[in-house]
Amino acid sequence: MMVSRDAAIGIDIGGSATKLGIITKDGELVASQLILTPATMTAKMIMQAICAQLDEIITEPRVRALRILGVGISICGYLEADGEAPDYINLHALEHYPVVRDLRERYELQVVMDNDMNCGVLGEYYFGGGKGEQRLMVMTVGTGVGMGMIIDGKVLRIHGGTVGNPGHIIVDANGPICDAGCRGCLESIAAARAISRRAEDVAQSQRKTTLSTVLQAKGRLSPTDVLEAAEGGDEAAKEIWTETGKWLGRGLASWTEIFGPEVVIVGGGIALAGDWLLKPLIDEFYRCGEPYFTRRVREIKKSELGQNIAMLGAASMILFPENAPKWKARR
């Protein structure tokens, strides 16, 4: 008789897209879906889209053969004190919406939700390149810049159930203002929108670059456009990645002084740039950081999990509940 394998549903609700999948305890991604969830959608529209895709996935034969233990949710923001709803989230439509209750009632499963920074580091700790590491830091770079930390097998929770909001560390007091209102923070200078803005400025200048042709054809530029241009030999695109990597290296050097990681993993959509980003990041990290702390970092490397990092981490909260958040009961 075949014994069912334990599995969990992982949902990663991001600023513009939501990923969901079924993950087994040994890290196999059995099924997955990507849903676009732009800011124009209402909370009910977002939840209907998520549930429609989830309903389709869980009816697949290979999923029905599993024992689904619960639902783990990663959100791009903070949570209310009881962990039932987002409190401060990049996808504003879901602020204070009872996401956990809705899914619990619909699927009659255990549901737990946490911040995407925590889920990112959990994904690497259980399923990625950080297995068994005692002091593991994960930097995620995409729409925003985030960081999660594990120390001695436990997620570090200092403020709001997280390490705080380290992506908003101020690195250039005269820099641009980010969506959250910080001036010159790391996120305003090194996240996806900053890369696009820098690329569009170069494309509109007098400099010779293939980015000008792409901008004329598309009307806007994305980090993917900048990566493709760099891989095609475009010097301006290469310089954009070098500058972005340097800013992230400076931010990482500052974080290292506080949190003391031994291994750092860089994940998120921007990390797909690979060495175009990672090499200048590492060089600047060791150039700027205090040697007493930086020499304790054994390795800085790209995530093995790609853009599934937070989704896998969300599922891990069900599969390995010792690292699930302990929220206060609603009064």
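Bear in mind the structure is a predicted one, so any value in this text is a computation, not a measurement.
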Is the shortest side-chain heavy-atom distance between [X] and [Y] below 4.5 Å?
{"X": "Val264", "Y": "Leu252", "value": "yes"}
{"X": "Glu133", "Y": "Ile150", "value": "no"}
{"X": "Thr256", "Y": "Phe285", "value": "yes"}
{"X": "Trp327", "Y": "Glu80", "value": "no"}
{"X": "Leu248", "Y": "Met139", "value": "yes"}
{"X": "Asp102", "Y": "Val99", "value": "no"}
{"X": "Pro98", "Y": "Glu84", "value": "no"}
{"X": "Val263", "Y": "Met137", "value": "no"}

Going by atom types alone, do [X] and [Y] pair a side-chain donor with an acceptor below 3.5 Å?
{"X": "Thr209", "Y": "Asp234", "value": "yes"}
{"X": "Ser212", "Y": "Arg207", "value": "no"}
{"X": "Ser222", "Y": "Ser196", "value": "no"}

Residues [X], [Y]: salt bridge by 4.0 Å N-O rule:
{"X": "Glu284", "Y": "Arg287", "value": "yes"}
{"X": "Lys25", "Y": "Asp6", "value": "no"}
{"X": "Glu200", "Y": "Lys218", "value": "no"}
{"X": "Arg298", "Y": "Glu262", "value": "yes"}
{"X": "Asp55", "Y": "Arg106", "value": "yes"}
{"X": "Asp82", "Y": "Arg101", "value": "no"}
{"X": "Lys238", "Y": "Glu235", "value": "yes"}

> Would Tyr125 and Asn323 count as a side-chain hydrogen bond (donor to acceptor under 3.5 Å, both in side chains) if you check the C-alpha gap in whole Å, the side-chain angles of each, and the deciding distance to 0.1 Å?
Replying inline: CA-CA 11 Å; Tyr125 183 73; Asn323 257 314; 6.0 Å; no
Rounded to the nearest 0.5 Å, what's the gap from [atom1] on [X] to [atom2] on [Y]? Could you check?
{"X": "Ile68", "Y": "Ile318", "atom1": "CD1", "atom2": "CD1", "answer": "10.5 Å"}
{"X": "Asn115", "Y": "Arg157", "atom1": "CG", "atom2": "CZ", "answer": "8.5 Å"}
{"X": "Asp26", "Y": "Ile23", "atom1": "CG", "atom2": "CD1", "answer": "11.5 Å"}
{"X": "Tyr286", "Y": "Glu290", "atom1": "OH", "atom2": "CD", "answer": "14.0 Å"}
{"X": "Ile282", "Y": "Asp275", "atom1": "CD1", "atom2": "CG", "answer": "7.5 Å"}
{"X": "Leu20", "Y": "Glu56", "atom1": "CG", "atom2": "CD", "answer": "10.0 Å"}

> Stepwise, does the side-chain contact (heavy atoms from CB on, under 4.5 Å) test hold for Ile170 with Arg183?
Replying inline: CA-CA 7 Å; Ile170 307 302; Arg183 179 177 291 279; 6.0 Å; no
>> I need the single residue from Thr18, Ile50, Leu103, Asp114 that forms a side chain to side chain contact (heavy atoms under 4.5 Å, CB included) with Ile73. Which is it?
In response: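 Among the candidates, only Leu103 passes.
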>> With side-chain contact (heavy atoms from CB on, under 4.5 Å) as the criterion, how do Leu122 and Met317 come out once you've worked through the C-alpha distance, each side chain's angles and the decisive distance to 0.1 Å?
In response: CA-CA 8 Å; Leu122 285 171; Met317 296 187 295; 3.9 Å; yes
Ignoring hydrogens and angles, tell me if any N or O in the side chain of [X] forms a donor-acceptor pair with the backbone of [Y] under 3.5 Å.
{"X": "Glu187", "Y": "Val145", "answer": "yes"}
{"X": "Asp12", "Y": "Ala310", "answer": "no"}
{"X": "Arg296", "Y": "Pro291", "answer": "no"}
{"X": "Arg64", "Y": "Thr59", "answer": "yes"}
{"X": "Asn118", "Y": "Gly161", "answer": "yes"}
{"X": "Lys19", "Y": "Ala17", "answer": "no"}
{"X": "Glu124", "Y": "Gly129", "answer": "yes"}
{"X": "Lys279", "Y": "Gly245", "answer": "no"}

In terms of hydrophobic clustering (I, L, V, M, F, W, Y; side-chain heavy atoms under 4.5 Å; direct or indirect links), are [X] and [Y] co-clustered?
{"X": "Ile46", "Y": "Ile11", "value": "yes"}
{"X": "Ile265", "Y": "Leu156", "value": "no"}
{"X": "Leu136", "Y": "Val163", "value": "no"}
{"X": "Val100", "Y": "Tyr78", "value": "no"}
{"X": "Trp241", "Y": "Leu211", "value": "yes"}

>> Would you say that more than 12 heavy atoms from the other residues, nucleotides or ligands in this model lie under 6.0 Å from the CD of Glu108, or not?
In response: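 Atom CD in Glu108 is not crowded, with 12 or fewer foreign heavy atoms closer than 6.0 Å.
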>> Quick check on Lys208: does its NZ atom have over 12 non-hydrogen neighbours (other residues, nucleotides or ligands) under 6.0 Å away?
In response: no
How close do [X] and [Y] get, counting heavy atoms only, and between which atoms?
{"X": "Pro325", "Y": "Met113", "result": "CG-O, 3.6 Å"}
{"X": "Pro176", "Y": "Arg197", "result": "CG-NH2, 3.4 Å"}
{"X": "Ser188", "Y": "Cys178", "result": "CB-CB, 3.8 Å"}
{"X": "Ala190", "Y": "Val141", "result": "O-CG1, 3.7 Å"}
{"X": "Phe127", "Y": "Leu312", "result": "CE1-O, 3.5 Å"}
{"X": "Val226", "Y": "Ala199", "result": "CG2-CB, 3.5 Å"}

>> Determine whether Arg5 and Glu28 satisfy the following criterion, salt bridge (charged side-chain N to carboxylate O under 4.0 Å, His left out), listing intermediate values before the conclusion.
In response: CA-CA 11 Å; Arg5 290 188 295 161; Glu28 180 187 354; 2.9 Å; yes
> Are Asp87 and His96 close enough, and set up right, to give a side-chain contact (heavy atoms from CB on, under 4.5 Å), and what steps lead you there?
Replying inline: CA-CA 5 Å; Asp87 179 41; His96 309 299; 2.9 Å; yes
> Under the side-chain contact (heavy atoms from CB on, under 4.5 Å) criterion, do Leu281 and Lys246 qualify, and how do the steps go?
Replying inline: CA-CA 5 Å; Leu281 186 159; Lys246 284 183 175 181; over 6 Å; no
